[in-house]
Amino acid sequence: MNTAPFDAPIYVTRPVLPDLTVYERHLADIWRSCTLTNGGPKHAALEQRVAAYLRAPHASLFVNGTISLIVALQALRVTGECITSPFTFPATTHALTWMGVRPIFCDIDPVTLTIDPDKIEGLITLKTTAILGVHVFGVPCHVHAIQEIADRYGLRVIYDGAHAFGTEIEDRGIGTFGDATSFSFHATKLFHTAEGGALAVCDAKVKARVDLLKNFGIQDENTVVMPGINGKMSELSAALGLCVLDLVEDERRRRAEVACVYRARLGALGGVTLPPVLPGVRPSQQYFAIRTPKRDRLQTYLRSRNVFTRRYFYPLTSEAACYRQVPTSGRENLPVAHQVASEVLCLPFYGDLGVENAARICDMIGELP
Ligand code: T4K
């Protein structure tokens with residue numbers, strides 16, 4: 001048992017990076033073509049490969065995940081009120097606010113930590129136009145139950161799949177559920193382009209609208225058809241994505257090995273709730289989030305051992321000063337979300353961590369009284 005502090009800091013994640021020479025070959029192509037952005041060949045190649053990896057009929061690349069979410073809301077004409085989870089990164093809730101849509105916070109399921117479908121219906125009003133679920137930590141929302149409610153009330157369904165790149169439900173890509181799913185390709189993500197994102201949709205008409213919206217709404221040199229934004233991914237980011245995508249399956253395999261160690265060792269300790277294993281679900285391997293009532297003490301203790309965990313997602317977005325006045329923000333409406341936010345801790349989780357370091361972190365966790 002080795003619980004001595006690590007010599008170098010251990011972070012919650014580390015980005016996968018290709019061999020520099022592989023990226024340099026792509027850079028040489030870019031230098032030759034002199035095309036740096038606005039839908040060049042790297043962008044076209046990555047867009048196709050991302051759609052194929054996600055097993056989605058259509059994908060559109062973006063400059064980041066947040067803009068892809070905002071564009072999804074605009075493309076699907078979400079207005080009024082949208083029912084969403086407060087257990088998320090602020091970007092989810094902010095995307096609604098930037099669109100002038102009021103977030104209506106719904107409590108979460110204590111097992112999946114995603115929006116609780118049993119609580120959605122009671123929040124629907126005449127102003128509700130959509131449900132925005134978050135596949136938090138890559139664990140899928142209750143997609144069938146959500147779709148059933150949405151169909152009954154004529155609502156749009158949008159998913160924030162920032163953590164869910166590669167999650168599958170019964171062999172179906174996560175991006176094929178609902179009307180649109182956004183992904184983040186930030187450096188902290190399993191698959192990344194340094195900064196970047198994508199939107200997966202099933203309807204070709206929505207894809208066409210999304211592509212216009214991310215390019216200022218410009219149809220051709222003489223025609224602007226809608227008030228769009230600049231959401232385009234550059235050739236440099238797309239080239240990095242092409243290199244990283246080649247490494248993703250191996251990274252997922254290595255993370256699965258780390259997860260195995262965490263599950264076995266922490267499961268044996270007791271007092272720690274592990275991430276759920278759901279039948280028929282292939283996990284993305286994005287985060288390894290545990291829950292423990294000793295969370296804050298544990299985080300401080302691990303920090304003293306040079307291990308930097310993160311309290312994703314504490315505080316809830318409903319607790320932010322800009323959302324506290326929203327009527328559904330009250331603690332009494334969100335008891336599960338508050339409990340989970342007070343206990344959740346994301347452990348270091350990336351392939352290069354290795355199984356031995358993961359075991360050492362488990363020993364440290366076991367040492368805490
Ligand atoms: N929806 C959800 C549910 C999200 O979680 C996010 C983003 C979004 C939407 C929006 O997607 P984007 O617009 O970002 O594409 C990070 C990320 O910045 C953010 O993308 C992510 N979620 C969020 C969960 O985490 P921080 O503030 O925790 O990151 P930071 O810089 O503290 O990084 C954490 C650790 O990762 C560092 O301690 C070391 C390591 N790291 C980080 C970076 C940036 C590296 O090793 N290299 C790096 O380049 O927000």
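Numbering of ligands and ligand atoms starts at 1, following listing order.
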Under 6.0 Å between ring centres: does that hold for Phe62 and Phe183?
no
Ring centres under 6.0 Å, that's the criterion: do Tyr287 and Phe349 meet it?
no
Atom pairs and distances, ligand 1 N/O vs protein N/O under 3.5 Å:
| residue | atom | partner | partner atom | Å |
| --- | --- | --- | --- | --- |
| ligand 1 | 1 (N) | Asp160 | OD1 | 3.3 |
| ligand 1 | 1 (N) | Asp160 | OD2 | 2.6 |
| ligand 1 | 5 (O) | His163 | NE2 | 2.7 |
| ligand 1 | 11 (O) | Ser184 | OG | 3.4 |
| ligand 1 | 13 (O) | Gly65 | N | 3.4 |
| ligand 1 | 13 (O) | Thr66 | N | 3.0 |
| ligand 1 | 13 (O) | Thr66 | OG1 | 2.6 |
| ligand 1 | 15 (O) | Gly65 | N | 2.9 |
| ligand 1 | 15 (O) | Ser184 | OG | 2.7 |
| ligand 1 | 18 (O) | His186 | NE2 | 3.3 |
| ligand 1 | 20 (O) | His186 | ND1 | 3.4 |
| ligand 1 | 20 (O) | Lys189 | NZ | 3.2 |
| ligand 1 | 22 (N) | Lys189 | NZ | 3.2 |
| ligand 1 | 25 (O) | Tyr312 | OH | 3.4 |
| ligand 1 | 28 (O) | Arg310 | NH2 | 3.0 |
| ligand 1 | 28 (O) | Tyr312 | OH | 2.5 |
| ligand 1 | 32 (O) | Arg310 | NH1 | 2.7 |
| ligand 1 | 46 (O) | Arg14 | NH1 | 2.5 |

Quick check: closest heavy atoms across Thr181 and Gly175, and the distance to 0.1 Å?
OG1-CA, 3.7 Å
Looking only at heavy atoms, what is the nearest atom pair of His58 and Asp203, with distance?
CD2-C, 4.0 Å
Donor-acceptor pairs under 3.5 Å, side chain of residues 132-145 to any protein atom, not counting sequence neighbours: which ones?
| residue | atom | partner | partner atom | Å |
| --- | --- | --- | --- | --- |
| His135 | ND1 | Cys141 | N | 2.9 |
| His142 | NE2 | Asp109 | OD2 | 2.8 |

Verdict with supporting geometry, Leu345 and Phe288, side chain to side chain contact (heavy atoms under 4.5 Å, CB included)
CA-CA 8 Å; Leu345 193 67; Phe288 197 92; over 6 Å; no
